[in-house]
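The analysis underlying the following values was restricted to heavy atoms, covering all of them including side chains, and did not include hydrogens, waters or symmetry mates.
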Amino acid sequence: MKIEACHITMQYKQKQVLKDINFTLEGPKIIGFLGHNGAGKTTFLNLLAGLIPSTTGEFKVNGQPAFNNTAVLQEICFIAETGNFQVEMSVEQALKANQFFYPKWDRALADELVEIFALPLKTKVKNLSKGMTSALGIIVGLASQAAITIFDEPYIGMDVAARSKFYDVLLEQQEINPRLFLFSTHLIDEVSDLFEEVLILQQGEVILHTAIMDWDDTIIAIRGDKAQVEKIAQQHTIIHEHVFMKEKTIVLRLQQPLDETSSIVVERVSVQDVLVYLSNQKKEGVAV
Ligand SMILES: Nc1ncnc2c1ncn2[C@@H]1O[C@H](COP(=O)(O)OP(=O)(O)OP(=O)(O)O)[C@@H](O)[C@H]1O
């Protein structure tokens, strides 16, 4: 399964929300689609799911244009933060409606997940709790067996035990029927171990797209004597810097393999920390 974003831009009136986005994603894989509030993640995922047209550019799924292409759209299941189901439907009806749409629907899995998340089948969607509504979205996402499954902040209101069940089932499903999962979330520390690749959006642009196995060769922190650390940093892109006592720490996006010297300390930086640093940069108006 291959998704190509080709020169995607999105403009809402005067506001340019996505700016010339280009990348290729190849699955099966679980990919974290990350960024601060308002970075453009939901807009991008809506475009990819064919729910809205882009201002310019197009998505291709396995080489086929995605927009208005039913064969392609049946291969994409998009579970949004809210509003996935008609509120007057019961849980049972909502599941049946989705079963009808997704040709590879796994009924046995849906039934099993209804048990796991203790969903009341006869209850109308409008009478479910927030966590139950989210669980229903997760059940549809997993049972759809769609080759591309998109979860956009899927677990509003779900408690930690329910989220943990979701992660377990997601990994189990990825073994049984590997798919391309795109996962947008702000609970990064909790899920970053699931990701095999991350893509970070900032102010409508992709500023980082890397495999997790390459993360430690892409983003690092160096700490030590101020002058020495600053000299090394000149060859790279600075994401964040701070001074504590006589030591300086600089978080870098490496532009080439690091020239290490024995007197500086090289440290790992988590995906979540990078998001925090980038968000601070945004407030201070600094580009990466
Ligand atoms: N229908 C719309 N009309 C006008 N502006 C919009 C519309 N939808 C989104 N935007 C704007 O586009 C920008 C990106 O919004 P989007 O929801 O895609 O961000 P996001 O990264 O998903 O944010 P969050 O993490 O808060 O959900 C925001 O500035 C938002 O106000």
Side-chain angles (χ1 to χ4, degrees), residues 1 3 27-28 30 33 42 45-53 59 61-62 64 66-159 161-185 194:
M1 188 53 60
I3 301 173
I30 301 177
F33 197 74
T42 296
L45 295 174
N46 272 294
L47 293 173
L48 172 56
L51 300 177
I52 49 174
F59 282 104
V61 173
N62 289 341
Q64 300 267 337
F67 190 66
N68 269 342
N69 185 335
T70 308
V72 169
L73 295 181
Q74 281 184 327
E75 288 291 344
I76 302 178
C77 179
F78 176 58
I79 302 299
E81 208 171 327
T82 53
N84 294 299
F85 308 104
Q86 289 186 27
V87 294
E88 291 298 333
M89 281 187 174
S90 66
V91 168
E92 197 169 35
Q93 287 167 331
L95 291 171
K96 277 208 177 118
N98 280 282
Q99 174 171 1
F100 181 73
F101 185 74
Y102 293 107
K104 291 187 250 164
W105 181 263
D106 184 339
R107 171 82 195 272
L109 177 64
D111 291 347
E112 188 190 326
L113 293 175
V114 164
E115 289 269 312
I116 288 177
F117 290 110
L119 282 196
L121 281 171
K122 303 291 177 201
T123 302
K124 285 189 175 182
V125 169
K126 68 178 182 187
N127 295 328
L128 293 176
S129 71
K130 268 193 217 144
M132 284 172 166
T133 313
S134 294
L136 181 58
I138 280 166
I139 293 171
V140 169
L142 294 172
S144 72
Q145 302 286 327
I148 298 170
T149 303
I150 302 168
F151 288 117
D152 185 8
E153 282 288 355
Y155 31 47
I156 291 188
M158 281 172 73
D159 60 36
R163 296 202 300 271
S164 166
K165 280 179 201 161
F166 166 45
Y167 305 144
D168 289 347
V169 181
L170 179 68
L171 288 176
E172 190 184 276
Q173 280 297 304
Q174 194 60 335
E175 294 237 322
I176 297 169
N177 175 22
R179 284 162 260 178
L180 183 56
F181 285 104
L182 266 174
F183 204 124
S184 174
T185 179
L194 301 177

Checking the side chain of [X] only, and the main-chain atoms of [Y] only, is there a donor and an acceptor separated by less than 3.5 Å?
X	Y	result
Gln174	Arg179	yes
Thr123	Leu128	no
Asn177	Gln173	no

Is there side-chain contact between [X] and [Y], with heavy atoms separated by less than 4.5 Å?
X	Y	answer
Val87	Lys124	no
Leu121	Val114	yes
Leu142	Cys77	no

What are the two closest non-hydrogen atoms of [X] and [Y], and how far apart are they?
X	Y	result
Thr149	Ser144	OG1-OG, 4.2 Å
Ser184	Leu45	CB-CD1, 3.8 Å
Ala49	Phe78	CB-CB, 3.5 Å

- Query: Do other residues, nucleotides or ligands put more than 12 heavy atoms under 6.0 Å from Gln86 CD?
  - Reply: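 Not buried by this count: 12 neighbours or fewer within 6.0 Å.
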
- Glu81 CD to Ile156 CD1 distance, which is reported to the nearest 0.5 Å: 4.0 Å

- Message: Would you call the rings of Phe166 and Tyr155 parallel, tilted or perpendicular, taking 30° and 60° as the class edges?
- Response: perpendicular

